[in-house]
Amino acid sequence: MTYCVGMLVEEGLAMIADTRTNAGVDNISSYRKLHVIDQPGERVLGICTAGNLSVTQTALAMMREGVHLNVGEEPETLETAPTLFRCAQLLGHALRSVRLSIAPALEADSLNTSASMLLGGQIAGGEMGLFLIYSQGNFIECGRDTPYLQIGELKYGKPILESGLAYDTPLAEAVKLGLISFSTTMRSNVAVGAPFDMLTLRRGFQSGDVRRIEEDDAYFNDLHDQWTRAQAAARRSMPQPPWMAGGPRLATSRG
């Protein structure tokens, strides 16, 4: 299982992905799921992947070779596509093509072939953007009303982002909320775990900052501990249900 999140706020973009690809009692493996293309002054792109690993790997390999979106056109890559929207089209085409070509063989062995991607970043001359690309090749774009997109094991971290993130949230605060959503997800699902890879990109077209957050990262562990204590303190401060606070109990009738 995987958890990836992209957050697009007024100040810039943050993308975070875990690296755990399998989990069991004695079987845990890792693989990088955040892929970054950084050409300072020209383009910075981040691609997060979730779902069947062979499908996403093959689709990314196809992109590196070049994709013919239309018959007769020159092959395009993420390094040559003129716009971020075009990059989303190319990735969608590659993902759909790979899934259609290998799905019958994988599904014959009862293997799930679903996959999805997040694409975020900026190309010179265009706006910063964030897209969610589905297995079928279609995609949606992140908007101001809901300035984040998730793929993978998203249900545990969604309430954190839904309640705390807005378009005018500072980028540093967005990163903090994103990491808290990972902390909450890890607590609920062993199939999501550190290390995490993260890309942050401020508007104004500077080079992106890429970093890895390891299991022993001091900031993340402190954030995890403080969030746990804050939740416990908030829970203790809330009033008890009035019908269980020691007052007289309501009489109940028996038939």
S.K.: Using every non-hydrogen atom in the two residues, find where Pro195 and Glu214 come nearest and quote the distance to one decimal.
M.R.: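 Here Pro195 and Glu214 meet closest at CB-OE1, 3.5 Å.
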
S.K.: Around atom CG of Asp222, are there more than 12 heavy atoms of other residues, nucleotides or ligands at under 6.0 Å?
M.R.: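 Yes.
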
S.K.: Does Gln150 form a side chain to side chain contact (heavy atoms under 4.5 Å, CB included) with Leu161? I'd like the steps, not just the answer.
M.R.: CA-CA 10 Å; Gln150 301 166 283; Leu161 302 173; 3.9 Å; yes

S.K.: Taking the side chain as everything from C-beta on, heavy atoms only, tell me whether Thr185 gets closer than 4.5 Å to Asp18.
M.R.: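 Sidechains of Asp18 and Thr185: no contact.
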
S.K.: Taking all non-hydrogen atoms of both residues into account, name the closest pair between Thr169 and Ala174 and its distance.
M.R.: CG2-N, 3.8 Å

S.K.: Does Tyr219 reach the side chain of Leu179, with side-chain heavy atoms less than 4.5 Å apart?
M.R.: yes

S.K.: Quick one: list whatever passes side-chain hydrogen bond (donor to acceptor under 3.5 Å, both in side chains) with Gln89, sequence neighbours left out.
M.R.: none

S.K.: Taking it one step at a time, do Ser183 and Leu223 satisfy side chain to side chain contact (heavy atoms under 4.5 Å, CB included)?
M.R.: CA-CA 9 Å; Ser183 170; Leu223 189 68; over 6 Å; no

S.K.: With heavy-atom distances below 4.5 Å as the criterion, would you say the side chains of Met7 and Ile16 are in contact?
M.R.: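 Met7 vs Ile16: side chains touch.
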
S.K.: State, without any angle test, whether Thr19 and Arg212 hold a side-chain donor-acceptor pair at a distance under 3.5 Å.
M.R.: no

S.K.: Quick one: NZ on Lys158 to OG on Ser163, what's the gap to the nearest 0.5 Å?
M.R.: 11.0 Å

S.K.: Does Glu73 offer a backbone N or O that forms a donor-acceptor pair with the side chain of His68 under 3.5 Å?
M.R.: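 Indeed, once roles are kept as given, a pair shorter than 3.5 Å links the two residues.
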
S.K.: Taking the side chain as C-beta and beyond, is there a heavy-atom pair between Ile123 and Leu45 under 4.5 Å?
M.R.: yes

S.K.: Where the side chain of Gln57 meets the backbone of Ala61, is there a donor-acceptor pair that is under 3.5 Å apart?
M.R.: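 Side chain of Gln57 to backbone of Ala61: no pair is present.
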
S.K.: To check you understand the geometry: which heavy-atom pair defines the closest contact between Ala50 and Thr56, and what is its length?
M.R.: O-CG2, 3.8 Å

S.K.: What pair of heavy atoms forms the shortest contact from Arg203 to Glu10, and how long is it?
M.R.: NE-O, 2.7 Å

S.K.: Check whether Ser101 reaches the backbone of Val98 with its side chain - one donor and one acceptor, N or O, closer than 3.5 Å.
M.R.: yes

S.K.: Rounded at 0.5 Å granularity, tell me how far CD1 in Ile133 sits from OG1 in Thr49.
M.R.: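 Between Ile133 CD1 and Thr49 OG1, I get 11.5 Å after rounding to 0.5 Å.
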
S.K.: Considering residues, nucleotides and ligands other than Arg187, do more than 12 of their heavy atoms fall under 6.0 Å from its CZ?
M.R.: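 Buried by this count: over 12 neighbours within 6.0 Å.
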
S.K.: So, the side chain of Arg43 versus the backbone of Gly121: is there a donor-acceptor pair under 3.5 Å, distance only?
M.R.: no

S.K.: Could you give the distance from CD (Gln240) to CE (Met238), rounded to the nearest 0.5 Å?
M.R.: 11.5 Å

S.K.: Considering residues, nucleotides and ligands other than Arg144, do more than 12 of their heavy atoms fall under 6.0 Å from its CZ?
M.R.: no

S.K.: Do you know which two heavy atoms are closest between Leu34 and Met15, and how far apart they sit?
M.R.: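 So the two residues come closest at CD2-O, 4.1 Å.
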
S.K.: Okay, side chain of Ser237, backbone of Ala234: is any donor-acceptor separation there less than 3.5 Å?
M.R.: yes

S.K.: Same cluster or not: Ile151 versus Leu91, using hydrophobic residues (I, L, V, M, F, W, Y) connected whenever any side-chain heavy atoms lie under 4.5 Å apart?
M.R.: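 Each belongs to a different hydrophobic cluster.
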
S.K.: With a 6.0 Å cut-off on the ring centroids, do Phe220 and Phe182 count as close?
M.R.: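 Ring centroids of Phe220 and Phe182 are no less than 6.0 Å from each other.
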
S.K.: Is Leu78 linked to Leu95 within one hydrophobic cluster, defined over Ile, Leu, Val, Met, Phe, Trp and Tyr using a side-chain heavy-atom separation of less than 4.5 Å?
M.R.: yes

S.K.: Please report the C-alpha distance between Thr200 and Val175 in whole Å, then the side-chain angles of each, then the deciding distance to 0.1 Å, and finally whether the side chain to side chain contact (heavy atoms under 4.5 Å, CB included) criterion is met.
M.R.: CA-CA 8 Å; Thr200 53; Val175 168; 3.8 Å; yes

S.K.: Taking C-beta and beyond as the side chain, do Ile47 and Leu60 meet within less than 4.5 Å on heavy atoms?
M.R.: yes

S.K.: Mind checking the CG-OH spacing from Asp145 to Tyr167? Nearest 0.5 Å is all I need.
M.R.: 11.5 Å

S.K.: Do Glu76 and Val67 have side chains that approach each other closer than 4.5 Å (heavy atoms only, starting at C-beta)?
M.R.: no

S.K.: Are more than 12 heavy atoms from other residues, nucleotides or ligands located less than 6.0 Å from atom CZ of Arg96?
M.R.: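 At most 12 heavy atoms, drawn from other residues, nucleotides or ligands, come within 6.0 Å of this atom.
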
S.K.: Would you find a donor on one side and an acceptor on the other, under 3.5 Å apart, between the side chain of Arg99 and the backbone of Val55?
M.R.: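 It does not hold such a pair.
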
S.K.: If hydrophobic clusters are built from ILVMFWY residues whose side chains come within less than 4.5 Å, do Tyr148 and Tyr3 share one?
M.R.: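 Looking at the clustering, Tyr3 is in the same group as Tyr148.
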
S.K.: At their closest point, which heavy atom of Met63 faces which heavy atom of Ala94, and how far apart are they?
M.R.: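 What the structure gives for the nearest pair is SD-CB, 4.0 Å.
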
S.K.: Kindly work out whether a path of hydrophobic side-chain contacts (I/L/V/M/F/W/Y, heavy atoms less than 4.5 Å apart) joins Leu165 to Leu8.
M.R.: no

S.K.: Apply the hydrophobic cluster definition, ILVMFWY joined by side-chain contacts under 4.5 Å directly or through others, and give me every member besides Tyr156.
M.R.: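 Its cluster mates, by chain and number: none.
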
S.K.: Please check this pair: side chain of Thr77 against backbone of Arg64, looking for a donor-acceptor N/O pair closer than 3.5 Å.
M.R.: no

S.K.: With heavy-atom distances below 4.5 Å as the criterion, would you say the side chains of Met117 and Phe131 are in contact?
M.R.: no

S.K.: Give, for atom SG of Cys4 and atom CG of Leu132, the distance between the pair rounded to the nearest 0.5 Å.
M.R.: 10.0 Å

S.K.: Transitively linked via ILVMFWY side-chain contacts under 4.5 Å: Ile160 with Val192?
M.R.: yes

S.K.: Scan Asp209, Val44, Leu171 and name whichever one has a side chain to side chain contact (heavy atoms under 4.5 Å, CB included) with Leu201.
M.R.: Val44

S.K.: Less than 4.5 Å apart, any side-chain heavy atom of Tyr134 and any of Ile140?
M.R.: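 With C-beta onward as the side chain, the pair touches.
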
S.K.: Let me confirm one number: the CD-CD1 distance from Glu79 to Ile37, rounded to the nearest 0.5 Å.
M.R.: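 It is 4.0 Å, given to the nearest 0.5 Å.
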
